[in-house]
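Everything on this sheet refers to the single structure shown next.
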2 protein chains.
Amino acid sequence: MPQPPAPRRTLGRPPRISREEMVAAARRIVDAEGVDRLTMRRLATEIGSTPMALYHHVRNKDQLLVLLLDDYAVRTLRRPEVPDEPRERVVAAAAAIHEALADCPWIVEVLTADDLMSASALWFVEQIVDGLVAGGLSPERAVHGYRAIWYYTAGEIMIRATAARRRRTDDGPTYRDQVFAALDPDELPRLSEVAQRWAPLTAEDTYLDGLRALVDGLLAAR
Amino acid sequence: MPQPPAPRRTLGRPPRISREEMVAAARRIVDAEGVDRLTMRRLATEIGSTPMALYHHVRNKDQLLVLLLDDYAVRTLRRPEVPDEPRERVVAAAAAIHEALADCPWIVEVLTADDLMSASALWFVEQIVDGLVAGGLSPERAVHGYRAIWYYTAGEIMIRATAARRRRTDDGPTYRDQVFAALDPDELPRLSEVAQRWAPLTAEDTYLDGLRALVDGLLAAR
DNA sequence: GTGAGTTTCTATACATGTAAGAAAAGTAGC
DNA sequence: GCTACTTTTCTTACATGTATAGAAACTCAC
């Protein structure tokens, strides 16, 4: 009823852990033992707490990973020299994001977050959108163009990271190998032609080529 | 008189469940109750077995989902009329894959599988690779081009599906909303300019636009 | 028949994320 | 002091994927 006019001191039980502490501890665990070892229980013991206490500072484990990625971005994203030429500016900014993310491929699950807008990454987004506008696109189309670039970039990282992980854990012939072994050259001539080279070809890193093609296409569309 | 004990070549205890039965039961569960209800235990009871018995027909739950997607692809992927013109053939084939996958967005986790090449999807891959070759690319570059298209397509589906799921479960302002509310117009002018329109803009379905840009760029690259 | 070999199935157990609710540790007003 | 309220922490419990060990059900050689 008589709600205090709120001199706003800290009310309630004082917290013993903070988000920042959690993220720092999580980073230590990931750096030292790998992301697989990062569990809510492990993190809780690391900071001398209990698993459920963490949930007052973080909605769920996914959000913890998002914060972790954010922290990583803040620490490692350095703004590169961006060229003036719009096309190259877009490519440079996207490539910088890609390079940073590809270096910590454990965030794959997190990458599907809608935009992955850590505040420290926004500068790169700005470069991309601005570059597209400078290249002649309307602001609306520039946002769409940025999204296309993000889809391509995130997809590349997620798919390549999963493939790499699978290569480590799996042994024996892949499902893909079986499928390619049974190709009918009459029905699928092109695929038969490249069947043996498929694995090495798809293992190559052609992110930049695809990115350039996409940016070219976006800018060419008036 | 039908010979009851057919000359059984198979050694060991005869199986009581099969992969096909598993996939069919899994499909029933997913169709009727949603993918969240598809658990190994639920599937086991559905076919009158035990959870661990399933693991003799499937390596893990992920593989079950891959089989489910495969089954889905076989049933729903219909080969469309593809134009002769290379560029349009590539776009049509990619769009067909995209449309089919976007209709069952529960396979998001599975999409990161390296290629997700169900045998029934290979025809579409053939169209894309062949279209790129017809457009002037070498077979190697055509494979790379196909991969770029796949990255873009899978990324789009994964990110949009996650965003849609989040929209259902979350309430309250997004992290993104907070970030955009705190934009500094001096440092990030373009983003500030479109900040209010960001949510609707990124909610639009612009897959085809991006795809066309990407294909254009791939074909224009010499 | 019996026993060996092979494959499939079952029982049990564990680590994980996290829901639900009780308890603790503060502040504010009396 | 005490009570009311608020916020954080702790306890307990559950569903899930799956590892492990062994039991069960079959064929084959004898």
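Labels below follow one simple rule: chain letters A, B, ... track the order of the sequence lines, proteins then strands, and each chain is numbered from 1. Heavy atoms only: backbone and side chains are in, while hydrogens, waters and symmetry mates are out.
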* To do: Using a cut-off of strictly less than 4.0 Å, decide whether A/Ser49 has a side-chain nitrogen or oxygen near OP1 or OP2 of D/dC10.
  => yes
* **Integer-rounded Å distance: C/dT10 C1' and B/Ile47 CD1** => 14 Å
* Structure fact -> d(A/Arg28 CZ, A/Leu38 CG) to nearest 0.5 Å is 11.5 Å
* To do: Using heavy atoms and a sub-4.0 Å distance, could you list which residues of residues 16-30 of chain B are near DNA chain C? By number, please.
  => B/Arg16, B/Ile17
* Structure fact -> Distance col, row A/Tyr55:OH vs A/Gln63:CD, nearest 0.5 angstrom, shows 11.0 Å
* Asked: Roughly how far, to the nearest 0.5 Å, is CD of A/Glu126 from CG of B/Asp184?
  -> 10.0 Å
* **Reported CG-to-NE2 distance for the pair A/Leu211 and A/His98, which is rounded to 0.5 angstrom** => 9.0 Å
* With a 3.5 Å cut-off and no angle check, do the side chains of B/Thr153 and B/Tyr207 form a donor-acceptor pair? -> yes
* Mind calculating the distance between CG (B/Leu54) and C1' (C/dA11) to the nearest angstrom? => 15 Å
* Proximity of A/Phe124 and A/Trp150 rings by center, below 6.0 Å -> no
* Assign a letter to each nucleotide of nucleotides 16-25 of chain D from its 5' end: B, base within under 4.0 Å of a protein heavy atom; S, sugar-phosphate only; -, no contact. => BBBBB---BB
* To do: For A/Glu33 and A/Arg42, run salt bridge (Lys or Arg N to Asp or Glu O under 4.0 Å): C-alpha distance rounded to whole Å, both residues' side-chain angles, the deciding distance at 0.1 Å, then the answer.
  => CA-CA 11 Å; A/Glu33 311 174 33; A/Arg42 175 81 182 75; 2.6 Å; yes
* **Gap between atom CG of B/Leu183 and atom CG of A/Leu122 - 0.5 Å precision** => 6.0 Å
